[in-house]
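Only this structure's heavy atoms are used, side chains among them; waters, hydrogens and symmetry mates stay out.
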Amino acid sequence: MATLGPDDQTFELKQDQELRFEVENAQIEIEVTSGLAEIFGVELVKSKKYLFPIGAKGAVYTWHGCSITMKNARKNMTYVSKETPMNYYMNVHIILEKQRSEAEQQSKRGPITMIVGPQDVGKSTLCHILLNYAVRMPGLNRKPIFVDLDVGQGHVSVPGTIGALVIERPATIEDGFSQLAPIVYNYGHLTPNANLELYQHCVERLWKSVDERMNKDSKTNSSGMIINTCGWIKGDGFKCLMACAKSLRVDNILVLDQERLYNELIRELPKSYDVVLLPKSGGVVDRSRQFRAEARDKRIKEYFYGSRLKPFNPHSFDIKFGEVQIYKIGAPVLPDSCMPLGVTATEFLTKVVLVQPGPSLLHHLLALSFATTESEILEQNIVGFVCVTHVDMLRQSLSVLCLQARPLPCSKLILTDIQYMDSN
Ligand code: ATP
């Protein structure tokens, strides 16, 4: 065990307590010195030192009691809480396990569970906990699918996308869930209301891909799905949630922290949906607009450069305007009176429009599409993203940051609203 400095602290946690931390001034190092502890469902290895950078927020929870040492605890916000909702979350896990076992025995589809609630109530955290608990079940080989519909942060790929990931093993504290073979659909905006029609279209497409993957693998099929959603729950946001629940054939809806939303869902949804109200953890931290913007940048940086433990070496190269076709999805909607005969506003919102390359592309992410023809753009999922780092109108070329070396794997690119200033 490391020797303690003046800013370090030891904590003795009793059963069902958690040590909450917000790293504000100096990175912290956490070590479990005795007992068992976990962070959002990921077990901590005894005597291993875990580093958390400035900006990290989290909690070390213990079911049975443990001792923890924390370096730089006094320079940051840390406290022990005796009030946690973990028993409620464990009960949900037990019910889901029962449903998975029944599904497995009857060769049926397992529970499809959607987590909803306002912003900053711990929706993503609860998804992580439930997924980690599912794959930690000894000898059961659970393979649930994590579906992320939260375009604001992008947990599967970059912000502006929705995606799905088969989870086969617990996340790591440093890098989260393994990102092997994700299914990603490019939506291209940071909120569903920027183009609801396109958002719903992406959700429908995602369902088709996920459904196919579940049909091919009985373990995945019986393990079911855990779905994360955005915190947009009022007005059109509520309608959007209901449409997502329908598109993704949801069985269970877990509502975090909001009785009003819970009651609205009970009232509006058919009785076949199981809607449950759960408390949020008092530890969940409200995040400012600026914090969210920084988290998005960090996510995109990680996409191109990897993490501290798994760094990537992205490539920078030029592409001539003539080598690619760049499209954008959604044309400005015309007033009804100006609409061409037989064309609806919906068709405008999902219209694929060719974009003339120019300076406005600078810093934008472009999605690399699997589509081979223009008509496939809307239907196909994507290979990945490049970021435009320079536009040279004289040489008629773009410089891009790309995970793989030249040439691009495809020639059809889709312009997104997502911007990233590459400072590496
Ligand atoms: P969004 O509105 O972006 O969808 P959310 O509802 O998904 O947010 P989370 O991302 O799960 O909320 O949680 C918000 C923040 O609170 C995260 O940084 C998370 O690490 C932190 N957090 C969650 N639970 C706890 C806890 N028990 N103790 C300390 N921090 C926590």
Side-chain angles (χ1 to χ4, degrees), residues 151-154 157-161 184-195 197-199 202 289-290 292-305 312-334 348-378 380-424:
V151 285
Q153 295 296 321
S157 182
V158 293
T161 59
V184 179
Y185 282 90
N186 170 54
Y187 164 65
H189 309 276
L190 292 172
T191 56
N193 59 336
N195 187 340
E197 205 56 51
L198 177 60
Y199 183 78
C202 291
R289 221 170 228 273
Q290 193 197 338
R292 281 172 187 275
E294 284 168 9
R296 275 197 287 273
D297 269 359
K298 189 166 165 264
R299 186 74 196 100
I300 300 173
K301 186 172 176 190
E302 248 169 39
Y303 173 82
F304 287 110
Y305 291 97
F312 304 150
N313 286 312
H315 299 260
S316 271
F317 52 85
D318 293 348
I319 37 181
K320 289 277 180 207
F321 289 171
E323 287 176 59
V324 288
Q325 300 89 54
I326 303 175
Y327 299 92
K328 115 180 162 64
I329 304 176
V333 179
L334 299 171
F348 266 73
L349 289 166
T350 53
K351 198 172 159 59
V352 176
V353 187
L354 197 60
V355 175
Q356 226 25 61
S360 62
L361 297 182
L362 188 61
H363 304 310
H364 279 265
L365 295 194
L366 306 178
L368 303 164
S369 173
F370 272 118
T372 49
T373 62
E374 188 177 310
S375 59
E376 285 174 6
I377 293 272
L378 209 54
Q380 287 289 352
N381 59 3
I382 55 163
V383 189
F385 288 88
V386 294
C387 178
V388 180
T389 53
H390 184 66
V391 182
D392 190 333
M393 291 308 285
L394 265 181
R395 292 180 51 237
Q396 296 277 289
S397 69
L398 303 171
S399 307
V400 294
L401 182 68
C402 180
L403 275 179
Q404 68 176 70
R406 222 185 131 77
L408 285 179
C410 62
S411 62
K412 303 222 171 335
L413 311 182
I414 310 167
L415 174 62
T416 75
D417 264 1
I418 320 302
Q419 287 179 277
Y420 174 66
M421 295 261 265
D422 183 35
S423 55
N424 274 54

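What you find for G188 and I418 is that their closest heavy atoms are O-CD1, 3.8 Å.
With hydrogens and angles ignored, the 3.5 Å screen pairs a side-chain donor or acceptor of T416 with a backbone N or O of L365. Judged by distance alone, with hydrogens and angles left aside, the side-chain atoms of S399 form no donor-acceptor pair with the main-chain N or O of T389 at under 3.5 Å. For N381 (side chain) and F370 (main-chain N/O), no donor-acceptor pair under 3.5 Å exists by modelled atom type. Of the possible polar contacts, one joining the Q396 side chain to the M393 backbone as a donor-acceptor pair under 3.5 Å is found. Side-chain atoms of H315 never come within 3.5 Å of backbone atoms of C402 as a donor-acceptor pair (strictly under, hydrogens ignored). Between the side chain of R299 and the main chain of G154, a donor-acceptor pair closer than 3.5 Å is present.
Pairs passing the salt bridge (Lys or Arg N to Asp or Glu O under 4.0 Å) check and including a residue from residues 390-399, sequence neighbours excluded, read D318-R395, D392-R395. For residues 358-369, there are no salt bridge (Lys or Arg N to Asp or Glu O under 4.0 Å) pairs, not counting sequence neighbours. Within the structure, salt bridge (Lys or Arg N to Asp or Glu O under 4.0 Å) pairs that include any residue of residues 398-414 comprise E323-R406 (at least two apart or interchain).
Counting only heavy atoms from C-beta outward, the side chains of L398 and I319 approach each other to under 4.5 Å. Counting only heavy atoms from C-beta outward, the side chains of Y305 and D422 approach each other to under 4.5 Å.
Of the residues listed (L413, I382, I414, V324), the one engaging L368 in a side chain to side chain contact (heavy atoms under 4.5 Å, CB included) is L413, and it is the only one.
With sequence neighbours left out, T191 forms a side chain to side chain donor-acceptor pair (under 3.5 Å) with N193. By the side-chain contact (heavy atoms from CB on, under 4.5 Å) test, T373 is found to be paired with S375, E376, residues two or more places apart in sequence or in another chain being considered. When the ring pair (Phe, Tyr, Trp, His ring centres under 6.0 Å) test is applied to H189, the partners found at least two apart in sequence or on another chain are Y187.
Counting non-hydrogen atoms of neighbouring residues, nucleotides and ligands closer than 6.0 angstrom, the NZ atom of K320 exceeds 12 such neighbours.
By the 30° and 60° cut-offs, the orientation of the rings of Y303 relative to F385 is perpendicular.
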